[in-house]
**Q** 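I am attaching a structure below and will ask some questions about it afterwards.
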Protein chains: 2
Amino acid sequence: MAKFCYDYPHPALTTDIALFTIRDEQLAILLIRRGGEPFQGCWALPGGFVDPDECLEECALRELEEETGITGVYLEQLYTFGKPDRDPRERIISVAYYALAPCEVLTPVAGSDAAEVDWFNLDELPALAFDHQDIIQLAQQRLRAKLDYSTVAFGLMAETFTLGELQKVYETIRGEALDKRNFRKHILTLDILAETGATRRVGNHRPAKLYRVAHPGAVHYIR
Amino acid sequence: MAKFCYDYPHPALTTDIALFTIRDEQLAILLIRRGGEPFQGCWALPGGFVDPDECLEECALRELEEETGITGVYLEQLYTFGKPDRDPRERIISVAYYALAPCEVLTPVAGSDAAEVDWFNLDELPALAFDHQDIIQLAQQRLRAKLDYSTVAFGLMAETFTLGELQKVYETIRGEALDKRNFRKHILTLDILAETGATRRVGNHRPAKLYRVAHPGAVHYIR
DNA sequence: ACAAAAGTGTTCTCGATACACCCATGC
DNA sequence: GCATGGGTGTATCGAGAACACTTTTGT
């Protein structure tokens, strides 16, 4: 076939998506098992080739939906990986994105190019295709860093949530326990949460107030 | 000729470099006047097509040298621009880098693809080719942000410098005056500068101590 | 009554800010 | 001696860290 010809070599272009969620108080990432070569049967990040008329972010969202059925995540460009030999077939540039979603909504379904889809805790990752290990590591660094100076964490929360749940998310990503009183003071002085008025009871103890983000949509920079 | 053929469309891949320096207490950026179409005669960021066997960062450094003669700058990946219609010829993805250099070393020379090379103060930019205006704006935002939580600014300083000069650089990028005593206290408590022992005299007044970065090479994150 | 998480205030420390004067030099 | 930028210290304020008990609920 080979119908697309150029005067000088062109690389192929893909996007890859590192979608994080919190499952069982663990930071987890979504992987697909590759159906085709190379790295057939290997786990990899969802992603794929950019269509001629779509922009990069559109591609990331489309591939995520096609391969896993997941939509409506928070998405942000991470870094572009372009070492000449990162793919054995031909030169492929990957614009990596990272994404966040509350696990409540997420029931991934294996899609077109993916034989299987599943969540993996970050400390129990399988062997990964290509340089996807590097992408995940960078994405995790970025997530941890942004926790301190932005409100990204809300991308991991459901519509409504308790302060205890929010604190667990922060603790999970930072890998350390936080003081309850200081955490609540800090979050509430940001003045971006609103009480819903409702409460939620999950055990044999006092019910917790439910909050939601007061002005959803935007990730704020703080400090 | 069209010797490079693929089964499905491939975009072209370029890097563009936003190289900043400080000239006359103004933040300035390096532009080239384009020799060929499109946007012939227009000012643009230095940059160009990625060779088949070089990685992205190598390409950025090579293009910068070829087009302007400049080497040895601090370079960092900024963002990848990939809107389908950002170039009228064909689909071209640009991995944008930003770079910093002290102006002392820099005497740009028009190179291969550039008819002319010059510095422009950021508040006096000419009309720019492609989406280079957006790239510059993003680069400037990033530079300003990193000033607060890293030591990027040293990329704009010569080998040795006075605290007064360093303060001028911070003031220029932030666009506001800083208190001399607080600035010096802050910088010195970072503990990354070393006195050279020498001093420099530039006017009819007391000579200033010269400092250098104690452990050069790395950009540190602070706080 | 007890277990288990929700909720709440005060003290301390340290970094950021505000602010004014003397010093070394050339003319 | 005066103009010019170099160099220094102290008081105040606010955010972050450390820290322990009461409340509500189900069993």
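A, B, ... follow the sequence lines: proteins, then strands. Residue 1 opens every chain.
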**Q** Starting from C1' on dT8(C), measure out to NE2 on His186(A) and report it in whole angstrom.
**A**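 Computing the His186(A):NE2 to dT8(C):C1' distance gives 18 Å.
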**Q** On DNA chain C, nearest-nucleotide positions of Asp179(A) versus Val202(A): which is more 5'?
**A**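 Counting from the 5' end, the first nearest nucleotide belongs to Val202(A).
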**Q** Can you find a side chain N or O atom of Arg181(A) that sits less than 4.0 Å from OP1 or OP2 on dG7(C)?
**A**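 Checking dG7(C) against Arg181(A), no side-chain N or O comes under 4.0 Å of OP1 or OP2.
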**Q** Donor-acceptor pair under 3.5 Å: do we get one between Arg201(A)'s side chain and the base of dT25(D)?
**A**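 In this structure, the two groups form no donor-acceptor pair.
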**Q** Suppose we call a contact any N or O donor and acceptor under 3.5 Å apart; does that hold for the side chain of Lys180(B) and the base of dG6(D)?
**A** yes
**Q** Check whether Thr68(B) reaches the backbone of Glu65(B) with its side chain - one donor and one acceptor, N or O, closer than 3.5 Å.
**A** no
**Q** Return the minimal non-hydrogen interatomic distance between Pro11(A) and Leu13(B), and the atom names on each side.
**A**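 Minimum heavy-atom contact is CG-CB, 3.6 Å.
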**Q** Could you check Glu67(B), Glu54(B), Glu57(B) and say which one makes a salt bridge (Lys or Arg N to Asp or Glu O under 4.0 Å) with Arg62(B)?
**A** Glu54(B)
**Q** If I take atom CD in residue Gln167(A) and atom P in nucleotide dT8(C), what distance separates them, rounded to the nearest angstrom?
**A**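 From Gln167(A) CD to dT8(C) P: 14 Å.
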**Q** Using whole Å, report how far CG of Leu166(B) lies from P of dG6(D).
**A** 12 Å
**Q** Once you round it to whole Å, what is the distance between C1' of dA15(D) and CG of Asp191(A)?
**A**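 Answer to the nearest Å: 16 Å.
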**Q** Rounded to whole Å, how long is the line connecting atom CD of Glu165(A) with atom C1' of dA6(C)?
**A** 12 Å
**Q** Separation of His205(B) atom NE2 from dA3(D) atom C1', in whole Å?
**A**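 Computing the His205(B):NE2 to dA3(D):C1' distance gives 10 Å.
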**Q** Compare every heavy atom of Arg86(A) with every heavy atom of Ile92(A), then report the nearest pair and how far apart it is.
**A**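 Residues Ile92(A) and Arg86(A), closest heavy atoms: O-NH1, 2.9 Å.
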**Q** Choosing from dT17(C), dG16(D), dT25(C), which nucleotide comes nearest the side chain of Pro207(B)?
**A** dT25(C)
**Q** Rounded to the nearest angstrom, tell me the gap between atom OH in Tyr211(A) and atom P in dA6(C).
**A** 12 Å
**Q** Any base atoms under 4.0 Å from Lys209(A), or only sugar-phosphate, or nothing? Heavy atoms, all strands.
**A**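 Answer is sugar-phosphate: Lys209(A) comes under 4.0 Å of backbone atoms only.
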**Q** Nearest to the side chain of Arg206(B), heavy atoms from C-beta on, is which of dT4(D), dA6(C), dG6(D)?
**A** dG6(D)
**Q** Taking only N and O in the side chain of Arg184(B), is any of them less than 4.0 Å away from OP1 or OP2 of dG7(D)?
**A**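 Checking Arg184(B) against dG7(D): at least one side-chain N or O falls below 4.0 Å of OP1 or OP2.
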**Q** Counting distance alone, no hydrogens or angles: does the base of dA5(C) have a donor or acceptor under 3.5 Å from a partner atom on the side chain of Asn204(A)?
**A** no
**Q** Nearest-Å distance, CZ (Arg200(B)) to P (dG5(D))?
**A** 16 Å
**Q** Determine the minimum heavy-atom distance between Phe20(A) and Leu156(A), stating which atoms define it.
**A**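 Distance-wise, the nearest heavy atoms are O-CD2, 3.5 Å.
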**Q** Of the nucleotides dG16(D), dA6(C), dA18(C), which has the atom closest to the Lys185(B) side chain?
**A** dA18(C)
